[in-house]
2 protein chains.
Amino acid sequence: MINFSGQETLMRKADRLFEIIEMMRASDNAVTAAELSGELNVSELTIYRDVRGLQGQGVPIEGEAGIGYVLRPGFHLPPLMFTMDELEAIVLGARLAGQRGDDGLEKAAERVISKVKSVLPAHMQDRMDRVALYAPPTYDVGHGIVVMPEIRECIRAEQKIRIDYKSLAGQPSQRIIWPVAVAFFSGSTLLSAWCELRNDFGHFRTDRILNYDILDEKFNGGSGRLLRAWEQSVSTRKRPS
Amino acid sequence: MINFSGQETLMRKADRLFEIIEMMRASDNAVTAAELSGELNVSELTIYRDVRGLQGQGVPIEGEAGIGYVLRPGFHLPPLMFTMDELEAIVLGARLAGQRGDDGLEKAAERVISKVKSVLPAHMQDRMDRVALYAPPTYDVGHGIVVMPEIRECIRAEQKIRIDYKSLAGQPSQRIIWPVAVAFFSGSTLLSAWCELRNDFGHFRTDRILNYDILDEKFNGGSGRLLRAWEQSVSTRKRPS
DNA sequence: ACCCTACTGACAGTATATGTCAGGAGTGAT
DNA sequence: ATCACTCCTGACATATACTGTCAGTAGGGT
């Protein structure tokens, strides 16, 4: 955009090489040349040539037919300062997280803003203060008696919880759960967990948890395997609406 | 050196740009174009052109006659330390911003995650991948013909916009506005701006903007004063519901 | 005053980057 | 085994970007 005086294409190419690496690193799965070419507005062949060039330069990209490209972990190029777009995303995200999330997250989001601001050059600090993207207030989410920061800590520490739960029908029950994830809806918060009673994953509205005890006993999340299993169980029983 | 298969010069140039930045960062004093050209085996003019290109791309290089080049801080992202609460706020915020915001913000939010992760100590990177706080999918927000990243850029650059707008009643009108803020509701997006037609602030649903032209003419936001005036005008005419 | 240095402009040859077209070979699913 | 997907190679043509040389201007420091 602001390119004075030629050099447009080279810059575009240097940027493209950078973007290729970023996209591969950002994605968990393999990235295909077709995806890259679509995103970067060049032909697939150009991507192939770019990748070959990067590999020749020592970038650990692995390409497999039928799969796509994967960037082997451990490759780091020096991290660049946040762009204005990224700062706007951080500020908007913090505002949203502060509204949707619990008190702990709200305060954490504020600390994030100030930490990020502290590493910015002076002129960008001003601009960050003036990010004018807003998340309009929603209903205050009620968590009942549940102290959400505690629950999040249980997820991280893999600690079991015994809960007294009242189902939608009003049926009370007691069960021991392995907390896995939290979904922040606009009006309510859902705690997803493995339920020992049902031997399956279940979702529990936090405002229907009547009582709970954090147990000393831990469960084994298997370095994220339980989380991935939960993700899969959610994506397979998708609701139509 | 290890350059197989063509692309020698481009790689050399991309590398050279990288090297120029590295040499400037490594040196405490200013670096002269002559030093760079000697080290990189190109003419001085090529260095001048490279630097101009980098500056055009936003790299904060300052050149002074008689002195040399200096890389201002704010190009590299320094290491950052976050607590788990803060990391969870960042990840949740990025997910929320990615859903509510426009395409540009979604990508920016992804890059934020990737950048933050890259400056984190190793043991925290894994934990960041496993943050299990989710923002449930919402309806896809329609912006009509409006390209939101462009609008955000106009807010930052304080550029006037001429819009064709269709009011709720269906009444079309053309006006020139000074874009001030964007509010991302869950179902729609509101652009707030000073309206030259009404001489007052107004809110415009992006999906009711029929057409728009970004003008070269700029307005004067007064270092955030316009934004604060808008904030005040919003807080005084609060709607009860 | 003097040297150093960033910067600009014009000109020309080279090499480079990119696209299109066609085809080969490996992978995973049906 | 077939099929769809994907990485990868080769050849060819075109536009254009990069680089160097030469000459000159302007600002900084001593």
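In what follows, chains carry the letters A, B, and so on, assigned in the order in which the sequence lines appear, proteins first and then strands, with residues in each chain numbered from 1. We use all heavy atoms of the structure for the numbers below, so side chains are in, but hydrogens, waters and symmetry mates are not.
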Aromatic contact, A/Trp178 with A/Phe201 (centres under 6.0 Å): no
Separation of [X] atom [atom1] from [N] atom [atom2], in whole Å?
X	N	atom1	atom2	result
A/Asn29	C/dG28	CG	C1'	15 Å
A/Glu62	C/dT27	CD	C1'	15 Å
A/Asp50	C/dT16	CG	P	15 Å
A/Gln55	D/dT9	CD	P	9 Å
A/Leu36	D/dT6	CG	P	12 Å
B/Arg49	C/dT8	CZ	C1'	11 Å
B/Glu35	C/dC4	CD	C1'	12 Å
B/Tyr69	C/dT5	OH	C1'	9 Å

Candidate nucleotides D/dT6, C/dC7, D/dT19, ranked by approach to the side chain of A/Tyr48 - the nearest: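 In terms of side-chain proximity for A/Tyr48, the closest of D/dT6, C/dC7, D/dT19 is D/dT6.
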Out of D/dC8, D/dT19, C/dC7, whichever nucleotide has its closest atom nearest the side chain of B/Arg16: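 Taking heavy atoms from C-beta onward, the closest nucleotide is D/dT19.
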Pair B/Asp207-B/Arg205, salt bridge (charged side-chain N to carboxylate O under 4.0 Å, His left out): steps then yes or no: CA-CA 5 Å; B/Asp207 53 0; B/Arg205 281 186 60 141; 2.7 Å; yes
B/Asp103, CG atom: more than 12 neighbouring heavy atoms under 6.0 Å: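 Check fails, neighbour count at 12 or below.
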B/Gln174 atom CD, over 12 foreign heavy atoms within 6.0 Å: yes
Nearest-nucleotide comparison on DNA chain C, the residue closer to the 5′ end among B/Thr32 and A/Ile47: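 Of the two residues, B/Thr32 wins.
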Nearest-nucleotide 5' precedence on DNA chain C, B/Val31 against A/Leu45: B/Val31
Working for salt bridge (charged side-chain N to carboxylate O under 4.0 Å, His left out), residues B/Glu153 and B/Arg156: CA-CA 5 Å; B/Glu153 173 60 28; B/Arg156 297 197 292 254; 2.8 Å; yes
Cationic tip of B/Arg25 above B/Phe75 ring, under 6.0 Å, 45° of axis: no
Salt bridge present between A/Glu86 and B/Arg111 (N-O < 4.0 angstrom): yes
side-chain N/O A/Lys13 vs C/dT18 OP1/OP2, d < 4.0 Å: yes
side-chain N/O B/Arg52 vs C/dT8 OP1/OP2, d < 4.0 Å: yes
Sugar-phosphate, base or nothing in reach of A/Val51, heavy atoms under 4.0 Å: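 Touches nothing.
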Please write out each protein N/O paired with an N/O of nucleotides 25-30 of chain D under 3.5 Å, distance rounded to 0.1 Å.
unit_1 : atom_1 : unit_2  : atom_2 : d
D/dG27 : N2     : B/Gly66 : N      : 3.4
D/dG28 : O4'    : B/Ala65 : O      : 2.7

